[in-house]
Amino acid sequence: MSNMRTEKDSMGEMQVPADAMYGASTARAVENFPVSELRFSREFIRALGRIKQAAATVNCSLGKLGADQAELIVQAAKEVSEGKWDSEFVVDIFQTGSGTSTNMNANEVIACRCNQIDEKVSVHPNDHVNMGQSSNDVIPTAIHLAATDLLVYELLPALRHLLQAIEAKAGETMDAVKIGRTHLMDATPITLGQEISGWARQIDLGIRRLESTLPRITELAQGGTAVGTGLNTHPDFGRMIAAELSNSYGITFSESRNHFEAQAAQDAAVELSGQLRTVAVSLVKIANDVRLLNAGPRCGIGEITVPAVQPGSSIMPGKVNPVIAESLAQVSAQVIGNDAAIAFGGASGLLDLNVMLPVMAHNLLESERLMASASRMFADKCISGLVANRDRCADQIEWSMSMVTSLAPVIGYDRASQIAKQAVSEGKTVRQICLEEGVLPEDELDRLLDPASMLAPQA
């Protein structure tokens, strides 16, 4: 007994697995694009299902689709959006640049499911499931829906969680005075909390940058059909689809102000990716600071200790590495690399359609998903358990020659510089040199060399 069946599309017959819910168009795409193991993500398939569900509802209300057909499409599309048929979405990411193959994959799966539910009602993948639509507006709409879905419900909450963890740690360590470092060299004192507060501000600004993209990423291309003119659909279709999808996601979406821009370009996706890149850069800075401050524990800076989550070496017993920060840095590298592909894709729009949609969608959604997971991991497994090594911090302050900076306004820059060099050459502290040479009275020296007096501007 054959495990294949014959299906037809506009180009002829195709052999399709007997138990597959997709048809000839999808099978042809699988045959044409055997490139990778990469497939569209759950969020993207959810978006496709919700678009088809909304389209059936709107087309029915406009009198263009029969109630029986609409009801079946809504039911089947809802199953797609909920993930019931994810295994049937088999087309490679590296396919036709419009994503037509994946749009047809959705149309065929939904039509097949409709005919399974009620074989007496005819539902055609193109004529009914795809009514009033084109891959050229469906796929850009799905990108915006999925990207907004991840941004609002996954990434922004994860970054806010990380921000709270960093702010809490800054508060805990605001009195832990340590040496500052510029150019990786000793500088004037700072508290660990002050240093960490800079990380918090980076994340806060990153959240604001991402939020600022929402007015553009929530504009939807649906209603433009093939080239933005809206041929073969109702004038109200785009507006009504946006309203349906707003209800579905609990997010306010709107019809694109200009369908020609929405389909010919992907600037909103490029913008969002650019802001993701900025946040990734911030996360690398924070991860690297954690790794530097944790370095040691005995032969490095060692001003903090991060939680020990696993053995750090297969050969060196007792070694523990800052692996959570390392993971975060690698995620950030991936996000920055994804942004390069997205920027290239955005620059590759040709006249009335961008033809890099699948790879842009894949990279954008991957960046959001990775950053959300890594931010929560970093907050829970690194920042929250980070400990200030206060004795080590205090010892390094006293030993630093940069302490002489507070003496410069009193004894002059040249004399202060001479003392710093002498301290280094003789292996002594600035305080010891000043006492030995009677540079200032001891009580005045204690006042000027008090690290707490160096943490803010002085009147």
Side-chain angles (χ1 to χ4, degrees), residues 5-10 14 16-29 40 42-91 99-139 141-142 145-146 149 220 222-223 225 232-234 236-249 253:
R5 70 177 193 270
T6 301
E7 292 277 347
K8 293 182 180 180
D9 64 5
S10 61
M14 283 293 297
V16 179
D19 59 351
M21 294 182 63
Y22 54 81
S25 292
T26 302
R28 196 178 299 282
F40 277 106
R42 172 88 285 276
E43 298 81 16
F44 192 87
I45 297 172
R46 179 190 299 138
L48 283 176
R50 289 184 177 179
I51 290 168
K52 302 302 178 181
Q53 189 175 346
T57 300
V58 171
N59 281 323
C60 183
S61 69
L62 291 171
K64 297 172 71 67
L65 185 66
D68 289 348
Q69 292 168 319
E71 184 179 339
L72 286 172
I73 293 171
V74 166
Q75 180 180 341
K78 185 173 185 290
E79 292 178 356
V80 167
S81 72
E82 291 173 347
K84 187 172 182 179
W85 307 112
D86 281 1
S87 62
E88 299 291 328
F89 285 79
V90 291
V91 183
T100 297
S101 299
T102 292
N103 183 39
M104 281 307 303
N105 194 166
N107 292 333
E108 290 179 340
V109 168
I110 291 168
C112 177
R113 180 59 181 148
C114 289
N115 295 327
Q116 286 179 349
I117 296 169
D118 189 345
E119 50 186 35
K120 292 181 293 217
V121 179
S122 175
V123 174
H124 190 276
N126 295 83
D127 296 338
H128 303 128
V129 182
N130 200 58
M131 178 182 286
Q133 305 150 64
S134 164
S135 300
N136 298 352
D137 61 357
V138 167
I139 300 300
T141 296
L145 290 174
D149 184 11
L220 304 181
Q222 206 67 57
T225 63
N232 286 355
T233 198
H234 191 280
D236 293 333
F237 186 77
R239 175 185 59 79
M240 295 174 72
I241 282 278
E244 286 287 330
L245 292 169
S246 295
N247 291 333
S248 177
Y249 278 93
F253 292 100

All side-chain contact (heavy atoms from CB on, under 4.5 Å) counterparts of Val74, not counting sequence neighbours: Gln53, Ala56, Thr57
Contact check, side chains of Thr102 and Phe44, non-hydrogen atoms, under 4.5 Å: yes
Any Met21 side-chain heavy atom under 4.5 Å of Gln116 side chain: yes
Within-4.5 Å side-chain heavy-atom neighbours: Trp85 and Ile45: no
Other residues, nucleotides, ligands: >12 heavy atoms within 6.0 Å of Glu71 CD: no
Derivation of the side-chain contact (heavy atoms from CB on, under 4.5 Å) call for Phe237 and Met131: CA-CA 11 Å; Phe237 186 77; Met131 178 182 286; over 6 Å; no
Val123 and its side chain to side chain contact (heavy atoms under 4.5 Å, CB included) partner, picked from Leu65, Asp118, Asn107, Asn115: Asn115
Derivation and outcome, side-chain contact (heavy atoms from CB on, under 4.5 Å), residues His128 and Leu72: CA-CA 11 Å; His128 303 128; Leu72 286 172; over 6 Å; no
Close side-chain approach of Lys52 to Val138, heavy-atom, < 4.5 Å: yes
Pairwise side-chain contact, Arg113 with Val80, heavy-atom cut-off 4.5 Å (strictly under): no
Pairwise side-chain contact, Gln133 with Ile51, heavy-atom cut-off 4.5 Å (strictly under): yes
Working for side-chain contact (heavy atoms from CB on, under 4.5 Å), residues Leu145 and Arg46: CA-CA 9 Å; Leu145 290 174; Arg46 179 190 299 138; over 6 Å; no
